[in-house]
Amino acid sequence: MLSFDITDRNIRIIRGTEAHNKIKVADAATIDLSEGLIVNGHIKDIPKLATIINDEIKAKRMADKEAVISISSNLVIFKELHIPKAKGTQLLTMVQNQMQHTMGISEDYSISYTIAGEVEEEGVQALKVLATACPFEVVDCFRKVFSMLGISLRSISVACNTITRIILNDPKLKAKMPLLLVQIDPNFVSLNLYENGQLTFSRFASIDPEDYENSEDYIYEAVNENIFRMFQFQKSRNGDNPIQNVVFYGDTTEYIRLTNALEQMDITTSLLGVPNNIGGYENFEFQAYANAIGAMLRSNKESERINLLEVDAAVGRSSAGASFVMAVLGAVVASAAVVAAVTIFFNLEIGRLNKETAEIQEYLDSPKVAAQIAAVDTAQTKLDKVNSVKNVLDVAMTNYESLPVLNTAVIDDIEANLKGTGADIKLITYGNGHFNVSYKATKVDEPATIVANFFEQDIFDNVTYTGFSKGGEEGATEYEFNISFDIREIEVEPEETAENAEN
């Protein structure tokens with residue numbers, strides 16, 4: 001059997017066999033498509049695509065009579081629904097009716113579903129269902145292509161559902177839930193959220209360099225952005241059960257950078273591994289063909305209806321499954337009960353929402369909330385005043401700590417500069433870090449020596465010397481001179497000033 005994973009720019013093909021939920025892969029091939037041949041899942045030239053596929057199959061000698069398909073498109077709509085308990089065709093009909101009602105879509109969509117658990121609301125027990133709606137035209141395009149190829153199609157499924165078969169077949173991945181699975185492609189990012197052994201949410205986003213200012217890192221930026229959105233989504237819907245594990249597959253060239261970024265948020269990352277029930281993958285890259293391999297695994301009919309050919313047959317849009325048409329005809333008698341159940345469910349849901357809205361509004365209008373808001377406003381006013389005082393103190397502290405300091409160490413250095421020169425201090429004045437000193441010396445070279453001593457001292461600044469003069473009396477042997485200097489200002493580190501101001 002052949003399996004195809006088809007996107008707008010690539011077709012991944014594998015040929016293999018499936019038996020007892022185990023797959024043995026024999027061959028694999030990739031077709032790169034020109035831009036515009038497939039747009040959002042719509043095939044613009046059906047004969048051309050059929051020819052391209054036919055040429056590749058013949059060249060790789062991968063001919064077969066049956067095939068399954070996994071498709072990706074940003075036109076696929078995902079929605080979580082709560083449906084009254086039902087089974088089989090009856091449940092499918094209820095899902096289709098509710099999707100058309102809640103999403104406002106027409107009957108031109110192929111609607112499939114997976115059951116993600118059970119919920120109870122207002123005493124009503126219901127199924128939690130993840131529904132997918134794919135334009136029927138997209139499904140029909142692929143049906144026509146494979147009709148031209150003479151290959152019988154067994155199923156067409158959305159990629160999020162085909163890869164889910166691999167995830168749920170791996171006990172190690174089940175143990176990591178809630179888990180976010182991320183498929184990376186230069187043209188799209190696909191994200192699937194798994195909880196309690198089920199797919200509970202899916203998101204597909206096309207990406208383009210122009211959306212990120214033509215950045216060379218647009219893939220990395222797009223993946224980061226979409227992962228963050230999923231984290232926020234999970235936090236809003238289930239804050240007590242946040243995502244702790246992210247698994248990547250597809251184009252994983254940015255895996256290291258993404259891992260480094262996510263580890264800062266205490267998120268564990270890994271690459272999608274090969275399940276034990278998959279064989280023959282040694283000759284090709286498993287991650288690139290994961291969707292195609294998942295499409296070969298059999299679905300669980302009790303918990304999912306993901307084959308779009310079957311759901312189309314169930315509503316009479318294809319002759320591919322006449323038995324499903326007969327099943328729908330046989331369920332006509334039960335349709336009135338289904339409609340009644342859906343109506344009751346919606347009435348209960350509307351009543352519950354109205355009651356919750358009234359309770360929330362009453363709480364917001366209560367005196368208690370008004371008092372709390374007033375208290376917050378008062379506290380904010382006080383905080384603003386404290387911050388204003390702190391800013392003034394910061395400036396004052398910086399100015400104070402930068403003042404020159406006259407201490408015994410400075411005096412000792414001044415005395416050391418004069419020691420041994422024989423100079424005699426005649427007059428010394430000091431003010432705000434500035435010294436004026438008058439000296440008498442007996443030797444002509446002593447003034448220069450003293451000035452040099454002050455220049456060499458790092459604690460002094462602006463050393464000024466205007467020369468010396470001989471004593472006024474005739475025959476005098478003393479030399480008088482003046483010197484002025486400042487104590488160098490202290491440089492204060494910003495962190496130290498902030499700490500002192502805080503104290």
Side-chain angles (χ1 to χ4, degrees), residues 1-18 23-35 37-43 48-64 66-74 76 134 138-139 141-142 145-146 149 151 153-167 169 181-190 192 204 206-207 219 247-253 271-275 278-297 306-308:
M1 182 172 63
L2 297 176
S3 182
F4 295 79
D5 176 26
I6 303 178
T7 67
D8 286 3
R9 298 302 301 273
N10 300 103
I11 299 178
R12 312 280 187 185
I13 312 172
I14 62 170
R15 183 171 65 88
T17 56
E18 187 277 333
I23 293 177
K24 178 69 173 179
V25 179
D27 299 292
T30 295
I31 302 174
D32 295 324
L33 302 177
S34 59
E35 185 176 1
L37 182 56
I38 302 179
V39 178
N40 292 329
H42 286 274
I43 303 172
K48 181 178 180 179
L49 184 62
T51 301
I52 292 173
I53 295 175
N54 186 61
D55 291 344
E56 182 70 14
I57 289 174
K58 287 185 176 180
K60 296 296 177 67
R61 298 180 180 179
M62 297 174 65
D64 207 297
E66 291 185 323
V68 292
I69 301 177
S70 171
I71 61 175
S72 298
S73 170
N74 62 5
V76 175
C134 178
V138 171
V139 179
C141 285
F142 291 104
V145 168
F146 282 83
L149 292 171
I151 299 176
L153 274 180
R154 285 178 49 180
S155 73
I156 300 177
S157 303
V158 179
C160 68
N161 291 322
T162 60
I163 193 64
T164 294
R165 298 178 191 176
I166 290 180
I167 301 300
N169 271 279
L181 179 69
V182 182
Q183 181 185 5
I184 307 175
D185 186 272
N187 300 289
F188 66 85
V189 179
S190 179
N192 293 334
F204 182 95
S206 296
I207 60 175
I219 297 178
V247 178
F248 294 98
Y249 77 108
D251 181 357
T252 56
T253 54
L271 295 173
L272 181 63
V274 185
I278 309 297
Y281 59 86
E282 296 83 0
N283 298 322
F284 67 95
E285 186 180 355
F286 168 76
Q287 292 185 18
Y289 296 87
N291 290 343
I293 293 174
M296 295 184 69
L297 291 168
I306 62 175
N307 184 351
L308 298 177

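For Phe146 and Phe4, the distance between ring centers is under 6.0 angstrom.
A distance of 8.0 Å separates CG in Asn187 from CD in Glu35, rounded to the nearest 0.5 Å. Here CD1 of Ile31 is found 4.5 Å from CD1 of Ile11. Values are rounded to the nearest 0.5 Å. Here Thr162 contributes atom OG1 and Leu297 contributes atom CG; the two are 9.5 Å apart, rounded to the nearest 0.5 Å. Here Met62 contributes atom CE and Glu56 contributes atom CD; the two are 8.0 Å apart, rounded to the nearest 0.5 Å. For the atom pair CD1 of Ile166 and CD1 of Ile293, the computed distance is 5.5 Å after rounding to the nearest 0.5 Å. Here the straight-line distance linking atom CZ of Arg12 with atom OG1 of Thr7 works out to 7.5 Å at 0.5 Å rounding.
Counting heavy atoms from C-beta outward, Val138 and His42 have side chains that approach closer than 4.5 Å. When side chains are defined from C-beta on, Asp8 does not count as touching Leu33, because their heavy atoms never get closer than 4.5 Å. Within the 4.5 Å cutoff, the side chain of Lys60 has no heavy atoms near those of the Arg15 side chain. Residues Glu18 and Val68 fail the side-chain proximity criterion, which asks for heavy atoms closer than 4.5 Å. With contacts defined as side-chain heavy-atom distances shorter than 4.5 Å, the pair Asp185/Asn10 qualifies. By the 4.5 Å heavy-atom criterion applied to side chains, Ile52 and Leu37 are counted as neighbours. Side chains of Val25 and Phe286 form no contact here, defined as non-hydrogen atoms less than 4.5 Å apart.
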Derivation and outcome, side-chain contact (heavy atoms from CB on, under 4.5 Å), residues Gln183 and Asn291: CA-CA 10 Å; Gln183 181 185 5; Asn291 290 343; 3.2 Å; yes
Check the pair Cys160, Phe204 against side-chain contact (heavy atoms from CB on, under 4.5 Å), reporting the backbone distance first and the verdict last. CA-CA 9 Å; Cys160 68; Phe204 182 95; over 6 Å; no
Could you give me the CA-CA distance, side-chain angles and deciding distance for Val139 and Cys134, then say whether side-chain contact (heavy atoms from CB on, under 4.5 Å) is met? CA-CA 8 Å; Val139 179; Cys134 178; 4.0 Å; yes
Test side-chain contact (heavy atoms from CB on, under 4.5 Å) on Glu285 and Thr30 and set out the steps. CA-CA 11 Å; Glu285 186 180 355; Thr30 295; over 6 Å; no
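Considering every non-hydrogen atom in both Asn74 and Ser206, the closest pair reads ND2-OG, 2.8 Å. For the pair Gly250 and Gln287, the tightest heavy-atom approach, listed with the atom from each and the gap, is N-OE1, 3.8 Å. Closest approach of Ile13 to Tyr289, counting heavy atoms only: O-CE2, 3.7 Å. Heavy-atom minimum distance, Asp64 versus Ile151: O-CG1, 3.7 Å. Pairing each heavy atom of Met296 with each of Ser3, the nearest pair is CG-CB, 3.4 Å. In plain terms, the two heavy atoms of Ser70 and Ala159 that are nearest each other are OG-CA, 3.3 Å.
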